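One structure is given here, and the rest of the page talks about it.
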4 protein chains.
Amino acid sequence: MTAAMMTPGKTAGQVRLAGRPRSSACRQAILRAAYELLSESGLRNFTIEGVAARSGVARSTIYRWWPTKGALAIEGFLEATASHITFPHTSSAKADLKVQMRLVAKMLRGGAGRILCGIIAEGQSDPETIAAFAVGYLTPRRRECAAILRRGIDNREFRADLDIPTVQSALYSPLHLRLLLREPIDDPWVENLAETVLRGCLAGD
Amino acid sequence: MTAAMMTPGKTAGQVRLAGRPRSSACRQAILRAAYELLSESGLRNFTIEGVAARSGVARSTIYRWWPTKGALAIEGFLEATASHITFPHTSSAKADLKVQMRLVAKMLRGGAGRILCGIIAEGQSDPETIAAFAVGYLTPRRRECAAILRRGIDNREFRADLDIPTVQSALYSPLHLRLLLREPIDDPWVENLAETVLRGCLAGD
Amino acid sequence: MTAAMMTPGKTAGQVRLAGRPRSSACRQAILRAAYELLSESGLRNFTIEGVAARSGVARSTIYRWWPTKGALAIEGFLEATASHITFPHTSSAKADLKVQMRLVAKMLRGGAGRILCGIIAEGQSDPETIAAFAVGYLTPRRRECAAILRRGIDNREFRADLDIPTVQSALYSPLHLRLLLREPIDDPWVENLAETVLRGCLAGD
Amino acid sequence: MTAAMMTPGKTAGQVRLAGRPRSSACRQAILRAAYELLSESGLRNFTIEGVAARSGVARSTIYRWWPTKGALAIEGFLEATASHITFPHTSSAKADLKVQMRLVAKMLRGGAGRILCGIIAEGQSDPETIAAFAVGYLTPRRRECAAILRRGIDNREFRADLDIPTVQSALYSPLHLRLLLREPIDDPWVENLAETVLRGCLAGD
DNA sequence: CGTTAACCGAGACGGTACGTCCTGTCTTCGA
DNA sequence: TCGAAGACAGGACGTACCGTCTCGGTTAACG
C-alpha cells in the first residue's frame, strides 16, 4: 500500500499538475487579441504572428494551445459572444422568433459578424474549423431555436407538421449569407423575412 | 519614335490592338487549371504558383491578367458554369422553382460547389472578389429567379404582395449556407425547403 | 577568276541595303538615355527597360542593335567622351603627363566616371564588355600616353630603360581604382602621385 | 508576458542571448557556398537563391543575417582569406614589399581574385559593400603595408619625405586594376612594377 | 510609282531572382 | 512544465527585368 504522494492540503482526486501551470492571463490576452484583429481587419490580417504581437505573447505559446487559426478564432468568438444572444420567452412563439432574429441581426452587424465570416471562410480550407464552429455555436443556437418552434407547435400557434430544421434554415440562413456577401441586414428586411417565412408555418389554414 | 497614327474612321467599334495579341490558349489553360485545382482540393492548395505549374504557364502571365486569386477563381467558375443552370419554363411557377432548386443543388454538390465556397471564402478578405461574384453570378441568377416569381404572381399562383428578393433569399440562402457548412444538400431536403417556404407564398388563403 | 556579283554602279565593297534604313534618331536617343541613366544613378537603375522608357524607344529596338547592356554602356560612354580628353603637347613630357592626369581625374569625377565604374562592374560578369572597353577606350588612351613617354625618352627627359606599360599602370591605375572604391581624386593628390611615380623615371641619376 | 529580468552583474561583457542560438553550421555552409559560387563562376551566378541551394539552407536564413549580396560576398571572402597574406619581416623593407606584392599577386590569380572583382563590381551599385570592404580588407592591409614603408624610412632605406598612401597606391592599384580588366598579373610584371615605383623612393639621391 | 524588305512600336510570353511575410517546428533559457 | 525569445526550413507572394516572340504599321531604296 504505497501512499499516493499528494501535495499536502490539496483536494484529493485532483489531477496532479507538475511544473508551471498554464497562465490564464496569456490565454485571455491571446483570445482578446484574436477577437480584436479579426473584427478590425478581417481575415486578411488575422495571423498567428499578428495575434502574438498584439497580445505580447510568444508565438509558440499560441501553437501550444490551439492547433489552427480556426480554433483560435472560434474560441475568441465564443468567449466574446457567450450568452450575448439569449432567446426571449413570451407567450407568442412567433414574436419570440422575431425578437431573436433582430438580436442576431444586430450581432452580425457588429464585430462578431466579421469574425463569423472569418470563421466560415477559414473553415473552407479546414473542416475541423467548421466542425468546431458547429459544436460550439451552431448546434446550441439551433437547439434553442428548435425549442421555441416546438413550443409554438404545442401552442397550436404553428402547424403540427412543421419540419423544424427546415424552418430554422429558412429563417437564419438568409441572414448569414447576406453577411457573407456583404449585403446589409437591416431590421425591416429581417422583419419582412420573418413574416414571409412564418406565414406558411402558422396553424389554422 | 514614330507616332502611331490613329487611322480615324476605321472599322468602327473594332478596337485596333497594337503588339502581340493575347494567347487564348494560355487563358484557357489557366482558367481550366484554376477550376480544377479549386474543385479538387479547395482553397488550401489554390495558389497562383499551383495554377501556373498545372497550366504550364508562367506565373507572370497570370499576374498580368488577373489582379487577385479571387478574380481568377471567379472567371474560372463562370467560364465553366456559364449557362449550365438554365431556368425551366413550364406553366407552373412553383414547379419551375422546384426544378431549378434541384438543379442548383446538384451543381453545388459537384466541383462547382467547392469553387463557390472558395470564392466566398476568398471574398472575406477581398471585397472586390465579392463584388465581382455578385456581378458575374448572383445578379444574373437572381434576375432569372425573379422573372419566375413575377410570372407566378401574374399567374395568380402566388400572392400579389410577395416580396420577391425576400422569397429568393429564403429559397436559395439555405442551399448555399449548408454548402459552406459542409452539410449535405440532398433532394428530399430541397423539396422540403421549397414546400415550406412556398406554402406561405401561394395565393388564395 | 570569278567576277564578284556586285550591285552595278555602286561603290564596290559597299553592302547592299534593302528596306528601311536604321533610324539614327533612335540610336542617338538610346545612347543618350543610357549615358544619362548610368551617370545619374549608376548600375542599379541601368536597365534595358529604363533606357527604352527614357528614350521613348521600343525595347526590341535596343535588343536589335546591342547584344548586352555592357555594349550599350560602352557605346554611350564613347559617344559622349570621344576626344574630350586630348593629350597636350608641350616641350616637357613630364608636364604634359601631369596636365593629362589632371584632365583624366576631372573626367572621372564627373558623370563619365560613374559610367566607367558601371562598365567595369558590368564587365565582371561579361568578358565581352571588358574586351570592348579595352578596344574602344583603354588601348587608344594607352597609345597616346605611350607616345608622350616615348617622346620623353627621346628628349632625354626620362631614363632610356623605362618600361612604358609599367609606368602607365603606375600613373593611371591609382586614379581608376580610387574611383571604383569611391575615394576622392582631388588635384593635389594627383599631383603628388605623378611626382612620386615620375621621380624614378627621370634621366640623369 | 513575463518580462525578461535583466540579471545585473552577470558575467560581465558576455551578452545574454534569449532564444535559440544561431547555428554556426548554417553560417559556415552559407559562407562556403558563397565563396565557391563566386570563385567558380563570378558574379553572373552569384545569387541568393544559388547560395541557398548550394548550401542547403533556407533562403530566409540568409536574408536574416546578411542585408545584401555584397555583405555576404565580403564575409565569405574574409573568412577564406583571413591571414593568408602575411607581411614578411626581414632587414630590407624593399625586399619585404616585393615579397608581399608577389603574395598578393598570387592570391589575386586564384579564386579570391574573382571574388574581389565580384565585391568591387557589386559595390558599384551598393556603397555599403564598398564601405564594408574597405573596413574589412583594405584598411588592415594598408596599415600593414604602411608599417613596412615607415620602417624603410626609419632605416634610411627610403626617402624621408615619402608620402606613404601615394606609394601604396602606386604599388598596389595596378595589381587590382589589371585583375579587374582581366589582364594577366605574372611575377615578372610585378617585379618590374615594384622596381619602377620604388626606384623613386630610395634615399640617397 | 508601286514593291518590298527592313525598321520600329507595342506588348504578350516564359523565365529567373528578388525581398517579404507567414507558417510550423525546433532549441535554449529563465521562472 | 510553462512561457519568452528567436533560429530555422519552407512555401507563396507580388514585383521587376530579362530575352524572345509575334503582330501591325512605316518608310526609303529598288525596279
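Values below: every heavy atom of this structure, side chains too, minus hydrogens, waters and symmetry copies. Please read these numbers as outputs of a predicted model, since none were measured by experiment. Proteins get letters first, then strands, A, B, ... in listed order; numbering begins at 1 in each.
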Might you confirm whether atom [atom1] of [X] has over 12 heavy atoms from other residues, nucleotides or ligands at distances under 6.0 Å?
| X | atom1 | answer |
| --- | --- | --- |
| R27(C) | CZ | yes |
| R32(C) | CZ | no |
| Q28(C) | CD | yes |

In whole angstroms, how far is the [atom2] atom of [N] from the [atom1] atom of [X]?
| X | N | atom1 | atom2 | answer |
| --- | --- | --- | --- | --- |
| I30(D) | dA9(F) | CD1 | C1' | 12 Å |
| F46(D) | dC18(E) | CZ | C1' | 14 Å |
| E49(A) | dG6(F) | CD | P | 13 Å |
| E122(C) | dC18(F) | CD | P | 10 Å |
| N45(C) | dC17(F) | CG | P | 8 Å |
| L43(D) | dA17(E) | CG | P | 14 Å |

Could you check whether any side-chain heavy atom of [X] comes within less than 4.5 Å of a side-chain heavy atom of [Y], counting everything from C-beta outward?
| X | Y | answer |
| --- | --- | --- |
| R59(A) | I48(A) | yes |
| L72(D) | W65(D) | no |
| T129(A) | Q124(A) | no |
| R54(A) | L37(A) | yes |
| F77(A) | L38(A) | no |

Considering all heavy atoms of both residues, which atom of [X] and which atom of [Y] are nearest to each other, and what is their separation?
| X | Y | answer |
| --- | --- | --- |
| T47(A) | K69(A) | CA-CD, 4.4 Å |
| S55(A) | A29(A) | CB-O, 3.4 Å |
| I74(D) | A132(D) | CD1-CB, 3.6 Å |

Nearest-nucleotide check on DNA chain E, I48(A) vs R20(D); residue mapping nearer the 5' end is I48(A)
Want to settle it: does R44(B) or R22(C) sit nearer the 5' end of DNA chain E, counting the closest nucleotide to each? R22(C)
Polar pairs (N or O, both sides) under 3.5 Å between protein and nucleotides 1-4 of chain E?
none

Return the angle between end axes of the helix from dC1(E)-dG31(F) to dA31(E)-dT1(F), with five pairs used per end and rounding to 10°.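 Between the axes fitted at each end of the helix from dC1(E)-dG31(F) to dA31(E)-dT1(F) lies an angle of 10°.
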Check DNA chain E against residues 54-77 of chain D and give the residues with a non-hydrogen atom under 4.0 Å, in numerical order.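 Only R59(D), Y63(D), K69(D) qualify.
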